[in-house]
Amino acid sequence: MSEYLVLTAMGADRTGSVSELTKLACACNCNILDSRMAIFGLEFTFIMLLTGDAKAINKIEAKLPIISQKLELITMMKRTSGYKNHDFTQHYQVEYSGIDQPGILKSITAFLAARNIDISSLKSDIDPDTNQMCAQILIAFTDSVSIDELESDFFQLCQQIDIQGTITKVNSNLL
């Protein structure tokens, strides 16, 4: 029976860290079902969803602290279950941009949460020289949500918080 483990690692952005972590997963007979990596300043973060039998998951849980210390990484692990099937039928990308000001991302995510819209992926950036920010959010929802109403409400929110925004249909909720 397959077991699942979410593994998160953070540390200085150095060549080879991700390679060492994926090599460890392979050596422990774990399969990487999903992964994401991002650079934040001079740091990186890497998240993997691993699967394997109980022996494989136990093995990586035992070996990760040693590798983490060697690579000077902060790591966390959490056992979980496999993917949950959702009844999402609609997938869209929400994009917005403007002058950065506190609370914009909070306003956008609260807007989506209030409508029971799932955030599949979120990426935001700020240019420190111009103070311009932009974000891309992949969302998913069921047919019970009216895209026309959602767009209208979203554009109204954009006006209120002084940003430009769009909602565009996409084929998948994967980034």
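Computed from a predicted model, the values in this text were never measured in an experiment.
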Smallest separation among heavy atoms of L122 and I119, with atom names: CB-CG2, 4.3 Å
I74 atom CD1: more than 12 heavy-atom contacts under 6.0 Å: no
Contact check, side chains of F46 and S17, non-hydrogen atoms, under 4.5 Å: no
Q132 versus D100, side-chain donor and acceptor atoms under 3.5 Å: no
Nearest non-hydrogen partners of H91 and A140, listed with the distance: ND1-CB, 3.5 Å
Neighbour count above 12 (heavy atom, 6.0 Å) for L42 CG: no
Least distance between heavy atoms, A9 atom then T75 atom: CB-CG2, 3.8 Å
Spacing of L138 atom CG and K123 atom NZ [to the nearest 0.5 Å]: 12.0 Å
Min side-chain heavy-atom separation D118-F141 under 4.5 Å: no
Atom pair CD (E61) and SG (C30), whose distance is rounded to the nearest 0.5 Å: 9.0 Å
Between N31 and T51: side-chain donor-acceptor atoms closer than 3.5 Å: no
Exercise: identify the closest heavy-atom pair between A62 and P65: O-CD, 3.5 Å
I104 side chain reached by M133 side chain, heavy atoms, under 4.5 Å: yes
For the student: nearest non-hydrogen atoms of S81 and Y4, plus distance: C-CD1, 3.6 Å
L50 CG to R79 CZ distance, which is reported to the nearest 0.5 Å: 11.0 Å
K63 vs L24, side chain to side chain contact (heavy atoms under 4.5 Å, CB included): CA-CA, chis, key distance, verdict: CA-CA 8 Å; K63 291 186 175 238; L24 174 64; 3.8 Å; yes
Heavy-atom donor-acceptor pair, R36 side chain to T45 backbone, under 3.5 Å: no
Side chain to side chain contact (heavy atoms under 4.5 Å, CB included) evaluation trace for I167 with L150: CA-CA 9 Å; I167 299 179; L150 178 67; 4.2 Å; yes
Stepwise side chain to side chain contact (heavy atoms under 4.5 Å, CB included) test for M48 and T22: CA-CA 9 Å; M48 295 187 286; T22 58; 4.3 Å; yes
For residues 154-162, dump all side-chain donor-acceptor pairs below 3.5 Å to protein atoms at least two apart in sequence or in another chain.
none

S152 side chain vs D148 backbone, donor-acceptor pair below 3.5 Å: no
Distance-only side-chain donor-acceptor flag, K169 / Q93, under 3.5 Å: no
Value rounded to 0.5 Å, distance of CG in L49 from CG in L5: 8.5 Å
Note, Y96 side chain near C134 side chain (heavy atom, < 4.5 Å): no
Gap separating the CG atom of D143 from the CD atom of Q90, nearest 0.5 angstrom: 5.0 Å
Side chain to side chain, I47 and V6, heavy atoms closer than 4.5 Å: yes
Stepwise side chain to side chain contact (heavy atoms under 4.5 Å, CB included) check, V145 with Y92: CA-CA 12 Å; V145 174; Y92 286 82; over 6 Å; no
Transitive ILVMFWY side-chain link I32 to V18, under 4.5 Å: yes
Spacing of OG belonging to S144 relative to CG belonging to N116, to within rounding of 0.5 Å: 8.5 Å
M76 atom CE, neighbour heavy-atom count above 12 within 6.0 Å: no
